Amino acid sequence: MTEEDFQILTSDKVQTLIEQNLHRNPVDFAMTFIHNDIPTALVSRQIKYLQKAETKLPSWFHARCIIPPVSYEQSSSEITASMKEFSGGHCLDLTCGLGVDAFYFSKKFDQVTALESDPVLAKVARHNFSRLGAANISVIHQDAARFIRQNSGLIYDLIYADPSRRDVQGKRVHDLQNTSPDMVALFPLLQFMAKTILIKLSPLFDIAEAFRLFPLAKVCRVNSVNNECKELLIEIRMADSENEPHRIEAEIFRHKEKQKFVFHPSGLRQTDHIPEIMPAFIGEPDVAFYKARVVPDLFSRYYPQWEGYLNSPDGFFFSQAPPPGFFAGRVFEIKDSFLWKPREVKKKLKSQGIQRINIIKRNFPFSVQDSRARIGQPEGGDDFLLLTIYNGNSWCFLARWYKMSEEIVDLEKPE
């Protein structure tokens, strides 16, 4: 977004135009609106992203904020931003962007300083925070590295960073040292400026590698929303002891509620021998537990009363009965089970009148796409085909979703 774009979008005339057409199809608006003084594409694009924000960023939608497309695509959702439960006096956000995280920090910190290296995005953030009523956020147009090196000794309660994972050409980068800012290079300075440092990484980033890059970190947080992994956060508390063990925290958002799980990974409840009797139910934990590699610990620590077994540390949980209460994941009731032989699977599904199937695989040699192509079944319907290695062979479990109680219970146990 350019300075000229910002001035046009914040003008009273264009704001009125956007409001009048906010519920129209942006393409229809672009095809019918003709005005020599107003760039149609710019207004149409703003209408489009405000409409998208109604779900992801409802506060931005209702305040009619300015939403640059690139900033929107790279921003946290309001749900994931609200899951960062930190509080204190002064928070420093090194990577403001659209400012969703800074906005939610401002609800729990007395003061938030947000850095933005792009001058126009800094103006957008100030404009939006004003419309959102976030008076305790100060936006500074400055590069994070320069700001840190010029620090005069101020200590922040929290320093937060969500480094950009794209290079100057807009291509994705996977090496943390190539993100902007480079948190690995800046960390030796940051550790003297903060009581706590929180770094957001890609959901695909390896947790063990994160602990290796930041050896002072003792906590890794994995956040998921509706069974989709959204954030991987490394937390460094400068008061932590060097001998303190690593801790993994998984926070999941389901049924409009948040639930937190805490682990000191031990690898318990792994099964060496799987019983000959076929199971009646399958449990699939929330994706956050698979990402955190704590699935065995989840059942040992939080669900010891649910009798059953895992076919592998990253597989499914099998049982003869449904969970005795709420389960942080999905549960399926098995209708049939058979070896993975695509031609026979195709015949079995046809004989049962199944024309569409949902496929989930865990610890299975073929991808979902490949498996679907082999059986020739489109996605959809109420039936699930769960694919996994069971007792050394590739198995299919034909199942239906088992509806559990949606009550969220406090499962956290004392350390």
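Keep in mind that this is a model prediction, so the values were computed, not measured. We use all heavy atoms of the structure for the numbers below, so side chains are in, but hydrogens, waters and symmetry mates are not.
Side chains of Ser76 and Lys230: a donor-acceptor N/O pair is absent below 3.5 angstrom, by distance only. Remark: the Thr2 side chain and the Asp5 side chain contain an N/O donor-acceptor pair separated by less than 3.5 Å. Using a 3.5 Å distance cut-off with no hydrogens or angles, the side chains of Ser117 and Asp143 do not pair a donor with an acceptor. Looking at Thr80 and Asn223, their side chains never bring a donor and an acceptor atom within 3.5 Å of each other.
At a threshold of 4.5 Å between non-hydrogen side-chain atoms, the residues Phe253 and Ser224 do not count as touching. Side-chain atoms of Val100 and Ser77, non-hydrogen and from C-beta on, never get closer than 4.5 Å to each other. At least one side-chain heavy atom of Leu158 sits less than 4.5 Å from a side-chain heavy atom of Leu198. In this structure the side chain of Phe214 never reaches within 4.5 angstrom of the side chain of Gln191, judged on heavy atoms. Using a 4.5 Å heavy-atom threshold, the side chains of Leu121 and Pro68 count as touching. Put simply, the side chain of Leu94 reaches to within 4.5 Å of the side chain of Leu92, judged on heavy atoms. You'll find the side chain of Phe316 reaches within 4.5 Å of the side chain of Ile360, heavy atoms only. By the 4.5 Å heavy-atom criterion applied to side chains, Ser394 and Leu387 are not counted as neighbours.
For the atom pair CD of Gln377 and OG of Ser371, the computed distance is 12.5 Å after rounding to the nearest 0.5 Å. Put simply, CG on Asn151 and CZ on Arg146 are 15.0 Å apart, with the number rounded to the nearest 0.5 Å. Taking OG of Ser82 as the start and CG of Asp101 as the end, the distance is 10.0 Å to the nearest 0.5 Å. For the atom pair Cys91 SG and Ile137 CD1, the distance stands at 9.0 Å (nearest 0.5 Å). Separating the CD1 atom in Ile248 from the CZ atom in Phe289 is a distance of 11.5 Å, to the nearest 0.5 Å. Atom SG of Cys396 sits about 6.0 Å away from atom CZ of Phe364, to the nearest 0.5 Å.
Listed for the Ser75 side chain is a donor-acceptor partner under 3.5 Å among the backbone atoms of Tyr72. A distance-only check finds no donor-acceptor pair linking the side chain of His264 to the backbone of Pro245 [under 3.5 Å]. The closest donor-acceptor contact from the side chain of Glu333 to the backbone of Lys403 lies at 3.5 Å or more, if one exists at all. Using modelled atom types, one side-chain atom of Arg372 and one backbone atom of Pro378 make a donor-acceptor pair closer than 3.5 Å. Judged purely by atom type and a 3.5 angstrom limit, Ser319 uses its side chain to pair as donor or acceptor with the backbone of Glu307. When atom types are taken as modelled, the side chain of Gln46 and the backbone of Gln15 share no donor-acceptor pair closer than 3.5 angstrom. Thr10 places a side-chain N or O within 3.5 Å of a backbone atom of Phe6 that can act as its donor or acceptor partner. The backbone N or O of Ala208 sits nowhere less than 3.5 Å from a side-chain atom of Arg293 that would complete a donor-acceptor pair. A distance-only check finds no donor-acceptor pair linking the side chain of Tyr402 to the backbone of Arg330 [under 3.5 Å]. Checked by atom type and distance alone, the side chain of Lys291 pairs as donor or acceptor with a backbone atom of Pro203 at under 3.5 Å.
The pair Arg221-Glu231 does not meet the salt-bridge criterion, since no charged nitrogen lies less than 4.0 angstrom from a carboxylate oxygen. In this structure, Arg247 pairs ionically with Glu249, as a charged nitrogen and a carboxylate oxygen lie closer than 4.0 Å. Taking a cutoff of 4.0 Å between a charged side-chain nitrogen and a carboxylate oxygen, Lys218 and Glu235 do not qualify as a salt bridge. Residues Lys123 and Glu3 are paired through a salt bridge, judged by an N-O separation under 4.0 Å between the basic side chain and the carboxylate. At a threshold of 4.0 Å, the pair Glu379-Arg356 does not count as salt-bridged, since none of the basic side-chain nitrogens sits closer than that to a carboxylate oxygen. Under a 4.0 Å N-O distance rule, the pair Glu116/Arg126 does not qualify as a salt bridge. Ion pairing of Arg400 with Asp383 is present here, as a side-chain N (NZ or NE/NH1/NH2) and a carboxylate O approach within less than 4.0 Å.
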Checklist entry - Taking it one step at a time, do Ile38 and Leu17 satisfy side chain to side chain contact (heavy atoms under 4.5 Å, CB included)? => result CA-CA 10 Å; Ile38 299 175; Leu17 181 63; 4.2 Å; yes
Checklist entry - Would Phe317 and Tyr309 satisfy ring pair (Phe, Tyr, Trp, His ring centres under 6.0 Å), going step by step from the backbone distance to the final call? => result CA-CA 6 Å; Phe317 184 81; Tyr309 50 91; 7.2 Å; no
Checklist entry - When you look at Val331 and Trp401, which way does the side chain to side chain contact (heavy atoms under 4.5 Å, CB included) test go after all the steps? => result CA-CA 6 Å; Val331 177; Trp401 206 330; 5.8 Å; no
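Environment of NZ in Lys195: sparse, with no more than 12 heavy atoms of neighbouring residues, nucleotides or ligands closer than 6.0 Å.
Across all their heavy atoms, His141 and Asp118 have their closest contact at CD2-C, 4.0 Å. Contact between Pro296 and Leu310 at its shortest, heavy atoms only, is CA-CD1, 3.7 Å. Summarising the geometry of Val222 relative to Ala292, their closest heavy-atom pair is CG2-CB, 3.9 Å, with the distance given to 0.1 Å. The two residues Asn227 and Pro285 have their closest heavy-atom pair at OD1-O, 4.2 Å. Cys65 and Asn128 make their closest contact through CB-OD1, 3.1 Å (heavy atoms, listed as atom of the first residue, atom of the second, distance). The two residues Ile252 and Ala288 come nearest to each other via the heavy atoms CG2-CB, 4.0 Å.
In this pair, Trp340 and Phe366 present their aromatic rings tilted. The plane angle is within the 30 to 60° band. Ring geometry, Phe261 versus Tyr303: the interplanar angle falls from 30° to 60°, so the pair is classed tilted. Using a 30° and 60° split on the angle between ring planes, Phe29 and Phe33 fall in the parallel class, below 30°.
In summary, of the residues considered (Asn311, Asn363, Asp314, Asn393), a side chain to side chain donor-acceptor pair (under 3.5 Å) with Thr388 occurs for Asn311 alone. With Ile66 as reference, Leu9 is the one residue of Leu50, Leu98, Leu9, Ile18 to meet the side chain to side chain contact (heavy atoms under 4.5 Å, CB included) rule. Screening Val43, Ile47, Asp28 against Asn21 for a side chain to side chain contact (heavy atoms under 4.5 Å, CB included) leaves a single residue, Ile47.
Aromatic ring centroids of Trp306 and Phe327 lie under 6.0 Å apart. Residues Tyr390 and Phe318 place their aromatic rings such that the two centres sit under 6.0 Å apart. Checked against the 6.0 Å centroid criterion, the rings of Phe332 and Phe281 do not qualify as a close aromatic pair.
Judged as a ring pair (Phe, Tyr, Trp, His ring centres under 6.0 Å), and not counting sequence neighbours, Phe61 has no contacts.
Taking the centre and axis of the six-membered ring of Tyr290, the NZ or CZ atom of Arg362 falls inside the cone set by 45° and 6.0 Å.
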Would you mind writing out the side-chain donor-acceptor pairs for residues 104-113 within the sub-3.5 Å range, not counting sequence neighbours?
from: Tyr104; atom 1: OH; to: Glu78; atom 2: OE1; distance (Å): 2.5
from: Ser106; atom 1: OG; to: Phe103; atom 2: O; distance (Å): 2.5
from: Thr113; atom 1: OG1; to: His90; atom 2: NE2; distance (Å): 2.8

